[in-house]
Structures are given as C-alpha cells and as structure tokens.
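Reading through the structure tokens given below for one structure.
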Amino acid sequence: APRTPLTDEQISSPLQVFGQAKKQINNIFVDIQDYVADASERMIDVNKICPDVIVDNELKSILDYRSKVKGICEVLTRDHMKVAFFGRTSNGKSTVVNAMLGEKVLPSGIGHTTNCFLQVEGSQTGDAYLVTEGSNEKQNVESVTHLAHALNYEKQLNEKELVHVYWPKDKCSLLRDDVALVDSPGVDVTPHLDDWIDAHCIDADVFVLVANAESTLMVTEKNFFHKVSTKLSKPNIFILNNRWDASANEPEFLDQVRKQHMERATDFLVKELKVCTPEEAVSRIFFISAKEVLQARVKERSGQALNSGALAEGFSARYMEFEEFEHRFEECISKSAIKTKFLNHSQQGKHLVKEMYKIMETIYNRSQELTQTKMCQKKEFQEKLNFTEQQLICITNQMKMKIHQMVDDVEDKVSKALND
Ligand code: GDP
C-alpha cells in the first residue's frame, strides 16, 4: 500500500507535545500543591481558635491529600516515554538504538552481545555514566569501549538485570525530549520471557521488534510478543526489517522479498496479535538499514562528507524510510505516553480536587450554621435582656408608686398623729 507523505506540520517533532503536556500538568499540580498547603495551614489555625468548626477527620484527610499531591508531583518529574527493543541476538537492536541516538552509545557487533537490559536516558548533569541495579554508584563512562568493558568484565551481570546508561541530553534530541530507550538481550537466549516482561516491559509505551530482513520472523520472536499482548492490552509494536541493505545485492528479488515480509509481518500484527488494522500496519512495518543510518549520522556529526561510492544501492530510500519510521514512532510514543501516564495523574488530580472541595464546602456550611446558631442565641439573649429590662422598669415603677403610697400613708399618719 502507498505511504502518505508527511506534511510540514507533522515534521516538527511530536515528542514535544509530551514535553508540553508534562509542563502543563506539572503546573496544575504545583497549583494544587500550593492550595492544599494553604488550606491545611488555615485549617490548623482555625482549629486552634474554634475547635468545633473542623472535625478531626477533615483535617487528617487534607493532610493526607498534601502528601498524595507531593507524591504525584515527584512521579511527574520522573515520567518519561519508554521504548523497548527486542529481537534475536545480532539482528541489530543496539545498532538501531545507536542510529536513533545519532552516535555509538551502546556497544554492538562481533565480540559484544548485550547480556542484560540497558536503558539509555538523558543525564541531568551533562556527564555520561552508568548505574547498575541496586546501586547508587555513578560509574563514569568515557566511551563506548569503556561502556562495553564495564558491562562485560567489571561485574557479572544477570540477563534480567537493568543497567541505566545516562547520556548527555544535549547530544541527542530524543533524550532531550524525555525518551528512554531500552535494549534487551536476544529473545533467543532466555527461557525467562515472562520475567522480562514483568520487570521491564509493563510500562513501555512502544515496542520495537528488530527483525532480520535476511530471514523470516522466528517463533521465539513471535512468542515474545504473544506474551506481551497477553499482559498489555493492545501494545504499540513496530517491526523493523533490518539489514535491508543486503537486498541491494539481489535487486531482482527485492520487490518480491519485501512483499513477502510485509505480508507476514502484517498478518502477525493484524491477525495473530490483533494489535492494529491492516491500514495501520503500513505505518508500523519498515525496511531499514540501521548500520547505514548510524554510519551516515556519525559522519555528519564529525563534519565528514558521506562517501557515496561506499554506499550500497538504494541508500537514500532506506535512509528516508528510517526517518519515516522515526517520525511514526515519535507520534505513537508521544500519544501513548500522554494517555497512559498523564490520564491517570489527571484523574487522580480531579478526584483530589473534588474531595477537597467537598470537605471545604462541609466546613463552610458548618461554620455558617454555627454563626447562625450564635446569632439566634444572641437574639434570644437580647430579647431576654429587653424583657428583663421591661420587667425591671415595671417593678421599679410599681415600687415607686408603692413607695409614694407608703410615703403618703406615713405622711397622712404622721399629720393625723400630730393633729391628735
Ligand atoms: P544486537 O545483538 O541485536 O544488538 O545486534 P548489534 O546491533 O550488535 O548488531 C550485530 C551486527 O550486525 C553488528 O556487527 C552490526 O554492525 C551489524 N548490523 C546491524 N545493523 C545492520 C544493518 O542494517 N546492515 C548490516 N549489513 N549490518 C548490520
């Protein structure tokens, strides 16, 4: 099927959408954090003055929300997009990762097999270093040979183990935009596929199967993705038919081989795994040469011109197909990561805000009721006061009259007595 050419709008990296979304959701959570801090401080103050306005549970809930929001903010700053590369040993997984990074970061080729999981991500400090599982020690990495040595000899690494490789962000736009790339040992070398998936794949946004275009998809490769699909609903899978440069040696079979690979890979994604439609499969299966792309990018970076004589026939078409893969990949990973990571956070955020609103509303209503009751009590008291005052006036008047009468009486009696 024909591929639709990309528009100018699509060409600027979709990865930046993830960055923007992350920034926005981060700002929202900073606001929520300020609000919860403010609310809890005020509640503590009010509680000191009027202990019957706020119930203990309400104060406790707000303090709990305060730590929950803090937790979400911390997770948010660590959130990144994750892509995991799988395939048989020597299909070119490390070379694909390096080609996407634009330089030789991971060791590859004869003499080196990736015997553990390697996660390449941006280094905050600008230095290159690695951290092995269960350790906080930052081991400086000066070069790819140094890294290979560290991985091969310095420590006996377990195939399930994850080694973090931190690489300067300014050297690669993927790392700058918060993408973490995970290289794996060959799926053919392990009986522990389930453990791998649980340990390293559950949170991957995109999976890339690096297949060898010189052979067909193997049962072990297919098995791995069957297992992935049982654990994750509709995983995003790309299939790279690598070593496509080898096809240049046999141009007469090129179209036929490509068609056959395309059909098989499409059947695998659409019919076997049921992870996409036949139309979508066109943007998920690519024929590339990671080695050529890596060589070209390394040369470009060092300012050397590509020696076109040394390039196999069809290089630029393969290079363009690799770029198209990268673009489709960026679109897919950005969308998927925004959905899986931020949807959850935004739902949690909405829930928290709603709950806090409920508590604040209850406190507000209660304080209104208390004010009302106090006002009524004041009114009743005032009325009582007025009544008492009236009574007092009455009594005083009566007393006055009585006294007058008594005085008159006494006067009468006195004058009568005098007269007598
Ligand atoms: P991994 O074990 O899957 O990580 O494979 P590597 O990336 O280490 O590659 C194994 C060997 O295949 C290396 O010697 C690479 O240079 C070579 N290789 C990788 N990609 C290509 C390619 O596209 N074309 C050719 N001709 N060789 C490749």
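Counting starts at 1 for both ligands and their atoms, in listed order. Fair warning: this is a prediction, and the values are worked out from it, not measured in the lab.
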Discussion item. Using the rule salt bridge (charged side-chain N to carboxylate O under 4.0 Å, His left out), only one of K341, K82, K22 pairs with D178; which is it?
Written reply: K22

Worksheet entry | Contacting atoms of ligand 1, where contact means under 4.0 angstrom from a heavy atom of A290 | 23 (O)

Fill in: Test item, A246 contacting ligand 1 (heavy atom, 4.0 angstrom)
no

Worksheet entry | Any donor-acceptor pair under 3.5 Å from Q139 side chain to L130 backbone | no

Worksheet item: Does P107, backbone or side chain, put an N or O under 3.5 Å from an N or O of ligand 1?
Response: no

Fill in: Other residues, nucleotides, ligands: >12 heavy atoms within 6.0 Å of E355 CD
yes

Worksheet item: Is S90 in contact with ligand 1, taking contact as a heavy-atom separation below 4.0 Å?
Response: yes

Fill in: Matching residue for E292 among R297, R318, K299 - test: salt bridge (charged side-chain N to carboxylate O under 4.0 Å, His left out)
R318

Worksheet, complete the sentence: K48 meets the salt bridge (Lys or Arg N to Asp or Glu O under 4.0 Å) criterion, sequence neighbours left out, with none

Item to complete: Could you name the option among T95, N241, L118, T89 that has the heavy atom nearest to atom 9 (O) of ligand 1?
Response: T95

Worksheet item: S67 side chain to D64 main-chain N or O, any donor-acceptor pair under 3.5 Å?
Response: yes

Pairs under 3.5 angstrom only: tabulate donor-acceptor contacts from the side chains of residues 220-240 to other protein residues two or more places apart or in another chain.
residue : atom : partner : partner atom : Å
E221    : OE1  : M218    : N            : 2.8
E221    : OE2  : R88     : N            : 3.4
E221    : OE2  : N91     : ND2          : 2.9
K222    : NZ   : E272    : OE2          : 3.1
H226    : NE2  : E272    : OE1          : 2.9
K227    : NZ   : D194    : OD2          : 3.2
S229    : OG   : F225    : O            : 2.7
T230    : OG1  : K227    : O            : 2.6
K231    : NZ   : D194    : OD1          : 3.3
K231    : NZ   : D198    : OD1          : 3.0
K231    : NZ   : D198    : OD2          : 3.4
N236    : ND2  : D205    : O            : 3.0
N236    : ND2  : S336    : OG           : 3.4

Discussion item. For ligand 1 and E292, I'd like to know whether there is a polar contact (N/O to N/O, distance under 3.5 Å).
Written reply: no

Discussion item. Can you name the atoms of ligand 1, numbered from 1 with element, that are less than 4.0 Å from a heavy atom of S289?
Written reply: 22 (C), 23 (O), 24 (N)

Worksheet item: Which ligand 1 atoms does D245 reach within 4.0 Å, using its non-hydrogen atoms?
Response: 22 (C), 23 (O), 24 (N), 25 (C), 26 (N)

Worksheet item: Hey, which atoms in ligand 1 end up nearer than 4.0 Å to a heavy atom of K93?
Response: 1 (P), 2 (O), 3 (O), 4 (O), 5 (O), 7 (O)

